[in-house]
Colleague: 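Shown below is the structure under consideration.
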Amino acid sequence: MRTRRLGTTGPELSMVGFGAWAIGGPWRFGWGSVDDDESVDAIRHAVESGVNWVDTAAVYGLGHSEEVVGRALAPYRVGEDVFVFTKCGRRWEGRPEGVIENDLRPESIREECEASLRRLGIERIDLYQFHWPDWMTGTALEDSWGTMVELVDEGKVRWIGVANFDDDQLARCDAIRHVDSLQPPLSLLARGARKAVLPWAAEHGTGVIVYSPMASGLLTGGFDRDRIGQLDENDWRRESPQFRDPALTRNLDLVERLRPIASSLGATLPELAVAWTLAQVGVTAAIVGARLPRHIDGWARAPDLELSPGTLAEVAEAVSASGAGTDEPPKPPPHVLAAAGTRMEDE
């Protein structure tokens, strides 16, 4: 497995990591029913295949994903054989059922850190990340980030980063202490990070691990309208605009245009989709989800797929011809806004 260093201060990471959102099981923003034993097998298969980091979050499955990750990694030396990344800032405890709020108050960050350490069964989190900006509690970002710095000084956290931040928020954090890692969405359907935050990260030595490189499964080639209609009733994608028209028609058209490109490279569609993200300037690695061991086999070779300028041009033409996706800067998806009781006018 090929590796890259996470920014100027981070570890050497395999260029793909295991994303643990889907293994959280049924909850308001889950991916449907899962088998925990299969999830454990999938994580261990990823590690044995050379993947050396797992990315999860406290809110995934309302704590369940972290518990499964902790169980799966029990045989390994966490922090040496494999790194554990998790996130804070999406709180459900003490709220009405189904309500999740963005909360980066210092005391909340500390509560979440201790809870994540317990669920994961470890003494130190390798990379601790803000999941989303806190637009709800009125907490100053500087106070939130200062708490993360304290957790590093106390030995509870090794590196610190953010997800879904813009360049202004990144700069405010970086003025206090270097931002080790940024986690933005990036895929052939969500391309805005290339213009919005990747240049900032490259200039400031911040590592970048992108999420949803396969667009929540749309770019795997495994979806058609029938399969989408049969998604588990607990699968959040049933309500996603990307899985509905008019976007769905354009997305499926893009997939069909990508098939011959992947075939000409002797690659799978997931490998091509992930490799495209890895080819973007400033990207360190990509988070790729899985629920079964065989899913890992579909994308583990993506780092070996080096895309030539000619191939990248073919992909760009396919994107243009289909009209799929957007180059606009990332913004919170509808399910995050709805959970926070917030709505954007143009959603």
Colleague: Quick one: are Trp53 and Ile287 in side-chain contact, heavy atoms under 4.5 Å?
Modeller: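 Yes, their side chains come closer than 4.5 Å.
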
Colleague: Considering residues at least two apart in sequence or located in another chain, which fulfil the salt bridge (charged side-chain N to carboxylate O under 4.0 Å, His left out) criterion with Arg77?
Modeller: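 Scan of Arg77 (salt bridge (charged side-chain N to carboxylate O under 4.0 Å, His left out), adjacent residues dropped) gives Glu80, Asp81.
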
Colleague: So which heavy atom on Ile122 is nearest to which on Arg124, and how close?
Modeller: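 Taking every non-hydrogen atom into account, CD1-O, 3.2 Å.
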
Colleague: Can I get a per-line list of side-chain donor-acceptor pairs under 3.5 Å for residues 198-209, giving both atom names and the distance, sequence neighbours left out?
Modeller:
| residue | atom | partner | partner atom | Å |
| --- | --- | --- | --- | --- |
| His204 | ND1 | Trp200 | O | 2.9 |
| Thr206 | OG1 | Val179 | O | 2.8 |

Colleague: Given 3.5 Å as the limit, does a donor-acceptor pair link the side chain of Ser116 with the main chain of Glu112, or not?
Modeller: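 Yes: the side chain of Ser116 pairs with the backbone of Glu112.
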
Colleague: Consider only side-chain heavy atoms of I, L, V, M, F, W and Y, link residues closer than 4.5 Å, and tell whether Val34 and Phe29 are in one cluster.
Modeller: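 In one cluster: no.
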
Colleague: Measure from the ring center of Tyr60 to the ring center of His131 and say whether it is less than 6.0 Å.
Modeller: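 Centroid separation for Tyr60 and His131: below 6.0 Å.
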
Colleague: Please enumerate all residues that pass salt bridge (charged side-chain N to carboxylate O under 4.0 Å, His left out) together with Arg119, with sequence neighbours excluded.
Modeller: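 Once residues adjacent in sequence are excluded, the partners of Arg119 under the salt bridge (charged side-chain N to carboxylate O under 4.0 Å, His left out) criterion are Glu66.
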
Colleague: Would you give me the side-chain donor-acceptor pairs under 3.5 Å for residues 38-47, sequence neighbours excluded?
Modeller:
| residue | atom | partner | partner atom | Å |
| --- | --- | --- | --- | --- |
| Ser39 | OG | Asp35 | O | 3.2 |
| Arg44 | NE | Ala72 | O | 2.9 |
| Arg44 | NH2 | Arg71 | O | 3.2 |
| His45 | NE2 | Asp297 | OD1 | 2.8 |

Colleague: Let me confirm one number: the CG-CH2 distance from Asp180 to Trp159, rounded to the nearest 0.5 Å.
Modeller: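 One gets 8.0 Å once the value is rounded to the nearest 0.5 Å.
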
Colleague: Going by side chain to side chain contact (heavy atoms under 4.5 Å, CB included), Ile160 matches just one of Val152, Leu151, Ile125. Which one?
Modeller: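 With Ile160 as partner, side chain to side chain contact (heavy atoms under 4.5 Å, CB included) holds for just one option, Val152.
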
Colleague: Do the non-hydrogen side-chain atoms of Ser308 and Thr311 ever get within less than 4.5 Å of each other?
Modeller: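 Answer yes - side chains close enough.
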
Colleague: Look up atom CZ in Arg2 and atom CG in Leu278, then write down how far apart they are to the nearest 0.5 Å.
Modeller: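 Arg2 atom CZ to Leu278 atom CG measures 8.5 Å (nearest 0.5 Å).
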
Colleague: Identify, with sequence neighbours excluded, every residue that meets ring-ring contact (aromatic ring centres under 6.0 Å, His included) alongside Phe18.
Modeller: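 So Phe18 forms no ring-ring contact (aromatic ring centres under 6.0 Å, His included) with any residue.
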
Colleague: Which heavy-atom pair separates Arg259 from Gly221 by the least distance, and what is that distance?
Modeller: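 Arg259 and Gly221 have their closest heavy atoms at NH2-O, 3.1 Å.
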
Colleague: Out of curiosity, does Val16 fall in the hydrophobic cluster containing Leu292 (side-chain heavy atoms, cut-off under 4.5 Å, transitive links)?
Modeller: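 Per the 4.5 Å side-chain linkage, Leu292 and Val16 are not co-clustered.
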
Colleague: Is it possible for you to say whether Leu141 and Val157 belong to one hydrophobic cluster, with membership spreading through side-chain heavy-atom contacts below 4.5 Å?
Modeller: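 As far as the 4.5 Å side-chain criterion goes, Val157 and Leu141 are connected within one cluster.
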
Colleague: Roughly how far apart are Leu312 CG and Leu307 CG, rounded to 0.5 Å?
Modeller: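 Rounded to the nearest 0.5 Å, the CG-CG separation comes out at 5.0 Å.
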
Colleague: Look at Asp153 together with Lys156 and state whether they make a salt bridge at an N to O cut-off of under 4.0 Å.
Modeller: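 No, Asp153 and Lys156 are not salt-bridged.
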
Colleague: May I have the step-by-step check of side-chain contact (heavy atoms from CB on, under 4.5 Å) for His64 and Val69, ending in yes or no?
Modeller: CA-CA 9 Å; His64 189 63; Val69 169; over 6 Å; no

Colleague: Sort and list the pairs that fulfil side chain to side chain donor-acceptor pair (under 3.5 Å) and have at least one residue in residues 141-151, not counting sequence neighbours.
Modeller: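 For residues 141-151: Arg110-Glu150, Glu142-Arg172.
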
Colleague: Mind listing the closest non-hydrogen atom pair of Ser49 and Met1 along with its distance?
Modeller: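 Scanning both residues, the minimum pair turns out to be O-CE, 3.9 Å.
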
Colleague: Take Asn102 and Phe130 through the side-chain contact (heavy atoms from CB on, under 4.5 Å) test and state the conclusion after the steps.
Modeller: CA-CA 10 Å; Asn102 291 15; Phe130 289 161; over 6 Å; no

Colleague: For Glu317, give me all partners under side chain to side chain donor-acceptor pair (under 3.5 Å), at least two apart in sequence or on another chain.
Modeller: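 Residues passing side chain to side chain donor-acceptor pair (under 3.5 Å) with Glu317: none at all.
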
Colleague: Taking atom CH2 of Trp135 and atom CG of Leu104, what is their separation to the nearest 0.5 Å?
Modeller: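 It is 10.0 Å, given to the nearest 0.5 Å.
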
Colleague: For a 4.5 angstrom cut-off between non-hydrogen side-chain atoms, does Met15 reach Asp304?
Modeller: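 Side chain of Met15 against side chain of Asp304, heavy atoms only: no contact under 4.5 Å found.
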
Colleague: Considering only NZ, NE, NH1 and NH2 on the basic side and carboxylate oxygens on the acidic side, decide whether Asp134 and Arg91 come within less than 4.0 Å.
Modeller: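 Arg91 and Asp134: not salt-bridged.
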
Colleague: Go through Thr277 and Leu186 one step at a time and tell me if the side-chain contact (heavy atoms from CB on, under 4.5 Å) criterion holds.
Modeller: CA-CA 7 Å; Thr277 68; Leu186 182 66; 4.1 Å; yes

Colleague: Within the supplied structure, the quantity of interest is the number of heavy atoms (other residues, nucleotides, ligands) at a distance under 6.0 Å from Glu107 CD; does it exceed 12?
Modeller: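 Correct, the count exceeds 12.
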
Colleague: Donor-acceptor pair, distance only, cut-off 3.5 Å: does the side chain of Ser14 make one with the backbone of Asn52?
Modeller: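 Judged by distance alone, yes, a pair lies under 3.5 Å.
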
Colleague: For Thr3, what residues pass the side chain to side chain donor-acceptor pair (under 3.5 Å) criterion, not counting sequence neighbours?
Modeller: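 Side chain to side chain donor-acceptor pair (under 3.5 Å) check on Thr3 returns Glu12.
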
Colleague: Provide the closest heavy-atom pair for Ser33 versus Arg291 in the form atom of the first, atom of the second, distance.
Modeller: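 So the two residues come closest at O-NH1, 3.8 Å.
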
Colleague: Taking only residues two or more places apart in sequence, or in another chain, which ones meet Tyr128 in a ring-ring contact (aromatic ring centres under 6.0 Å, His included)?
Modeller: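 Expected list: none.
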
Colleague: Nearest 0.5 Å, what's the CG-NZ distance between Asn164 and Lys87?
Modeller: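 Here the rounded value is 9.0 Å.
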
Colleague: Can you find a pair of side-chain heavy atoms, one from Val99 and one from Trp92, that are under 4.5 Å apart?
Modeller: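 No; the side chains remain at least 4.5 Å from each other.
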
Colleague: Would you say the side chain of Phe83 lies within less than 4.5 Å of the side chain of Leu73, judging by non-hydrogen atoms?
Modeller: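 They are not in contact (no side-chain heavy atoms under 4.5 Å apart), so the answer is no.
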
Colleague: Closest approach of Ser65 and Ala20, non-hydrogen atoms and distance?
Modeller: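 Between these two residues, the closest heavy atoms are OG-O, 2.7 Å.
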
Colleague: So, do Met214 and Trp299 sit near enough that their side-chain heavy atoms are less than 4.5 Å apart?
Modeller: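 A side-chain contact exists here, since the closest heavy-atom pair is under 4.5 Å.
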
Colleague: Using side-chain heavy atoms (C-beta onward) and a distance below 4.5 Å, is Arg5 in contact with Thr284?
Modeller: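 No, too far: nothing below the 4.5 Å cut-off.
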
Colleague: Please list, chain by chain and in numerical order, all residues satisfying side chain to side chain donor-acceptor pair (under 3.5 Å) with Gln242, sequence neighbours excluded.
Modeller: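 For Gln242, the residues satisfying side chain to side chain donor-acceptor pair (under 3.5 Å) (neighbours in sequence not counted) are Asn251.
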
Colleague: Which pairs pass ring pair (Phe, Tyr, Trp, His ring centres under 6.0 Å) with one or both residues in residues 241-261, sequence neighbours excluded?
Modeller: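 Qualifying pairs: Phe223-Phe243.
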
Colleague: Taking all non-hydrogen atoms of both residues into account, name the closest pair between Leu182 and Phe165 and its distance.
Modeller: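 Heavy-atom minimum between the residues: CD1-O, 4.2 Å.
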
Colleague: Which residues satisfy the side chain to side chain donor-acceptor pair (under 3.5 Å) test with Arg105, sequence neighbours excluded?
Modeller: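 Residues passing side chain to side chain donor-acceptor pair (under 3.5 Å) with Arg105: Asp103.
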
Colleague: Do Ile109 and Val162 share a hydrophobic cluster (ILVMFWY, side-chain heavy atoms under 4.5 Å, transitive)?
Modeller: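 Shared cluster, yes.
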
Colleague: Determine whether a donor-acceptor pair (N or O, by modelled atom type, separation under 3.5 Å) exists between the side chain of Glu256 and the backbone of Asp253.
Modeller: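 Not at all, since once roles are kept as given, no pair shorter than 3.5 Å links the two residues.
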
Colleague: Donor-acceptor check, side chain of Arg158 to backbone of Gly79, threshold 3.5 angstrom: yes or no?
Modeller: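 Such a contact is found between Arg158 side chain and Gly79 backbone.
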
Colleague: Within this structure, what is the CZ-CG distance for the pair Arg4 and Leu13, rounded to the nearest 0.5 Å?
Modeller: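 Between atom CZ of Arg4 and atom CG of Leu13 there are 11.0 Å.
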
Colleague: List the steps and the verdict of side-chain contact (heavy atoms from CB on, under 4.5 Å) for Leu189 and Leu254.
Modeller: CA-CA 9 Å; Leu189 296 183; Leu254 173 59; 3.7 Å; yes

Colleague: Using only atom types and a distance under 3.5 Å, with no angle test, would you say the side chain of Ser212 pairs donor to acceptor with the backbone of Ala215?
Modeller: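 Not a single qualifying donor-acceptor pair exists.
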
Colleague: Is there a path of hydrophobic side-chain contacts, each under 4.5 Å between heavy atoms, that joins Ile261 and Leu218?
Modeller: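 Hydrophobic grouping puts Ile261 with Leu218.
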
Colleague: For residues Asp126 and Pro11, determine if any side-chain heavy atom of one lies less than 4.5 Å from a side-chain heavy atom of the other.
Modeller: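 Of all side-chain heavy-atom pairs linking Pro11 with Asp126, none is under 4.5 Å.
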
